[in-house]
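So the structure is just underneath, and the comments pick up after that.
Every heavy atom of this structure was used, including side-chain atoms; hydrogens, water molecules and symmetry mates were not. Just so it is clear, the model here is predicted, and its values are computed rather than measured.
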Amino acid sequence: MPSDEAAMAEAVAQGERGRLTAAPNPWVGCVVVDRAGDVVGRGFHRRAGEPHAEIHALREAGERARGATAYVTLEPCAHLGRTPPCAPALVEAGVARVVVAVPDPDDRVAGRGIEILRSAGVAVDVGPGAAAASRSLAPYLHHRRTGRPLCLLKTAGSLDGRTAAADGTSQWITGPEARADAHRLRAESGAVVVGAGTALADRPTLTWRNLAFEDGLVPPQPWRVLLDASGRVPAAGPLFDPALAPTLVITTARAEPAVKQAWKDAGAEVEEVPEQKTPPQRGFSAPAPAVDLAGALDVLGRRGVLQAMVEGGPTLHGALLAAGLADRLVVYSGGVVLGPEGLPLLAGPGPGTLAEASRWRLTGLRRIGGDARLDWEPVEPGDLGGSPASPKGD
């Protein structure tokens, strides 16, 4: 019979199969283990509006679910949405025990699913596999707890920390394998965000391309999100081609009405937020004029975006770090040296002293082709940061 941790690890792996397509719902996984210790049902949530993981696993298990243990990465839902609630379905299937990795912070659940199960006489254990499930579901959990998407900064840099050469050229610092991995990050995100400077310099498309997907589950293109406080970017180019993907411009009252109307006429949606007025934090200063970054994330959160991938440029990345709004940082490091005249990974004044600097923990280190991917997350106050991630091979 598998241990609770081992069975939950399989449930997490099941859930990951729906990562690219389940949003704005969580990519939950479920495994049913019968009284003999055999896995008799597996399931994951494929798309919003389709059956949840528990239903798929129970259907596969059939009568063998009676008296079995169900392992679920997130608390079973207790409300009627586009599909029936899962907690009563587990009761009706006759499972004897449910192991939940992580309680659901959604106000519509928030312990009610566990209460339904226990009230019906089902034994419930909470916590086994919580660390792995929380990592898997981090964007969803962050969104439900804060109302904002998880803000992931993605950048590519040289060995000496430059994101472009002195003349502004940056194609390509990294190789094709790293670029394909970055496209996978786009596919995992509900929005890809750039500032006006990057939009003007690069004329980006901001779509995922040339990826193969398992289970025939092809994710939708993310929102292409332009942050343009003063209306600098014209409504032209691939960023404003609605046939490629939807576009959202987040701007301020500083942009002229004619510019906003041109964006709308090109097929983009436009939302207005205040200008960034807050004082700098952590010894940085934010550029001006700029959109209120917290307000921009609030806009995306209300639209159901669970993860916003910010592709730049350096000024926007620096401003988000300065405001304490960055939740993850992914750096692709390429084997090239660009010299002191190259553009830095992050723009904006730094802290006055080392004691004022924000601290980050390395959570992942992976070689991709001839390059390296480094994953970082902020260290919480009072947290010494633990040990860095161990290097992984190819």
Report task. Please test Asp375 against Lys154 for salt bridge (Lys or Arg N to Asp or Glu O under 4.0 Å), starting from the C-alpha separation and ending with a verdict. Result -> CA-CA 9 Å; Asp375 290 65; Lys154 170 263 173 182; over 6 Å; no
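- Partners of Leu159 according to the side-chain contact (heavy atoms from CB on, under 4.5 Å) rule, which considers only residues two or more places apart in sequence or in another chain, are Ser333, Val337.
- At distances below 3.5 Å, not a single donor-acceptor pair connects side-chain atoms of Glu60 with backbone N or O atoms of Gly43.
- With hydrogens and angles disregarded, a donor-acceptor distance shorter than 3.5 Å links the side chain of Arg118 to the backbone of Val124.
- Between the side chain of Thr198 and the main chain of Gly313, a donor-acceptor pair closer than 3.5 Å is present.
- Taking the ring centre of Trp27 as origin, the terminal cationic atom of Arg17 falls outside the region bounded by 6.0 Å and 45° from the ring axis.
- Remark: Trp208 engages Phe213 in a ring pair (Phe, Tyr, Trp, His ring centres under 6.0 Å) (not counting sequence neighbours).
- A salt bridge (Lys or Arg N to Asp or Glu O under 4.0 Å) check over residues 182-202, counting only residues at least two apart or in different chains, returns the pairs Arg184-Glu188, Arg186-Glu311.
- With sequence neighbours excluded, the residues forming a side-chain contact (heavy atoms from CB on, under 4.5 Å) with Ala48 are Pro24, Asn25, Arg82, listed by chain and number.
- Side-chain contact between Ser358 and Leu321: absent, with no pair of heavy atoms (C-beta onward) separated by less than 4.5 Å.
- Within the structure, the ring pair (Phe, Tyr, Trp, His ring centres under 6.0 Å) test picks out no pair touching residues 135-187 (sequence neighbours left out).
- Val32 places none of its side-chain heavy atoms less than 4.5 Å from the side chain of Val39.
- Here Asp106 pairs with Arg144 in a salt bridge; the nearest charged N to carboxylate O distance falls below 4.0 Å.
- Each of Val126, Leu141, Thr73 was scored for a side chain to side chain contact (heavy atoms under 4.5 Å, CB included) with Val102, with one residue passing: Leu141.
- Val193 and Leu346 fall within the same hydrophobic cluster, where Ile, Leu, Val, Met, Phe, Trp and Tyr residues are linked whenever their side-chain heavy atoms come under 4.5 Å apart, directly or through other members.
- Pairs engaging residues 241-261 under the salt bridge (Lys or Arg N to Asp or Glu O under 4.0 Å) rule: Arg254-Glu275, Lys260-Glu272 [sequence neighbours left out].
- Within the 3.5 Å criterion, the main-chain N or O of Val109 finds no donor-acceptor partner in the side chain of Asp104.
- The closest donor-acceptor contact from the side chain of Ser189 to the backbone of Val192 lies at 3.5 Å or more, if one exists at all.
- Ser158 places a side-chain N or O within donor-acceptor distance of the main-chain N or O of Arg162, the cut-off being under 3.5 Å.
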Requested in this report: Would you check, one step at a time, whether the test side chain to side chain contact (heavy atoms under 4.5 Å, CB included) holds for Leu217 with Arg46?
Outcome: CA-CA 8 Å; Leu217 291 173; Arg46 297 168 62 91; 3.5 Å; yes
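- Looking at Asp327 and Leu152, their side chains never come closer than 4.5 Å, going by heavy atoms from C-beta outward.
- Each ring pair (Phe, Tyr, Trp, His ring centres under 6.0 Å) pair with one or both residues in residues 31-71, not counting sequence neighbours, appears once here: His45-His52.
- One finds no salt bridge joining Arg59 and Glu54 here, because no Lys/Arg side-chain nitrogen approaches an Asp/Glu carboxylate oxygen to under 4.0 Å.
- With hydrogens and angles disregarded, a donor-acceptor distance shorter than 3.5 Å links the side chain of Asp34 to the backbone of Ala36.
- Residues Asp298 and Arg148 are paired through a salt bridge, judged by an N-O separation under 4.0 Å between the basic side chain and the carboxylate.
- With sequence neighbours excluded, no residue forms a side-chain contact (heavy atoms from CB on, under 4.5 Å) with Ala258.
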Only pairs under 3.5 Å count here: list side-chain donor-acceptor contacts from residues 230-237, not counting sequence neighbours, and write none if there are none.
none

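- Taking a cutoff of 4.0 Å between a charged side-chain nitrogen and a carboxylate oxygen, Arg179 and Asp181 do not qualify as a salt bridge.
- Ion pair Glu377/Arg359 not flagged as a salt bridge, since none of the NZ, NE, NH1 or NH2 atoms sits closer than 4.0 Å to an Asp/Glu carboxylate oxygen.
- When atom types are taken as modelled, the side chain of Arg224 and the backbone of Ala245 share a donor-acceptor pair closer than 3.5 angstrom.
- Residues Trp223 and Thr247 form no side-chain contact, since every pair of their non-hydrogen atoms from C-beta on lies 4.5 Å or further apart.
- Shown are Leu226, Val305, Val299; of these, the side chain to side chain contact (heavy atoms under 4.5 Å, CB included) with Leu248 is made only by Val299.
- Residues Val310 and Leu316 meet the side-chain proximity criterion, which asks for heavy atoms closer than 4.5 Å.
- Annotation: side chain to side chain donor-acceptor pair (under 3.5 Å) contacts of Asp371 (sequence neighbours excluded): none.
- In this structure, Asp265 places its CG atom where more than 12 heavy-atom neighbours from other residues, nucleotides or ligands lie under 6.0 Å away.
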Can you give the donor-acceptor pairs under 3.5 Å from side chains of residues 127-139 to other protein atoms, not counting sequence neighbours?
unit_1: Ser134; atom_1: OG; unit_2: Ala130; atom_2: O; d: 2.8
unit_1: Ser136; atom_1: OG; unit_2: Glu16; atom_2: OE2; d: 2.5

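- Counting heavy atoms from C-beta outward, Thr252 and Pro274 have side chains that stay 4.5 Å or more apart.
- Residues satisfying the side-chain contact (heavy atoms from CB on, under 4.5 Å) criterion with Glu115, sequence neighbours excluded, are Ser119.
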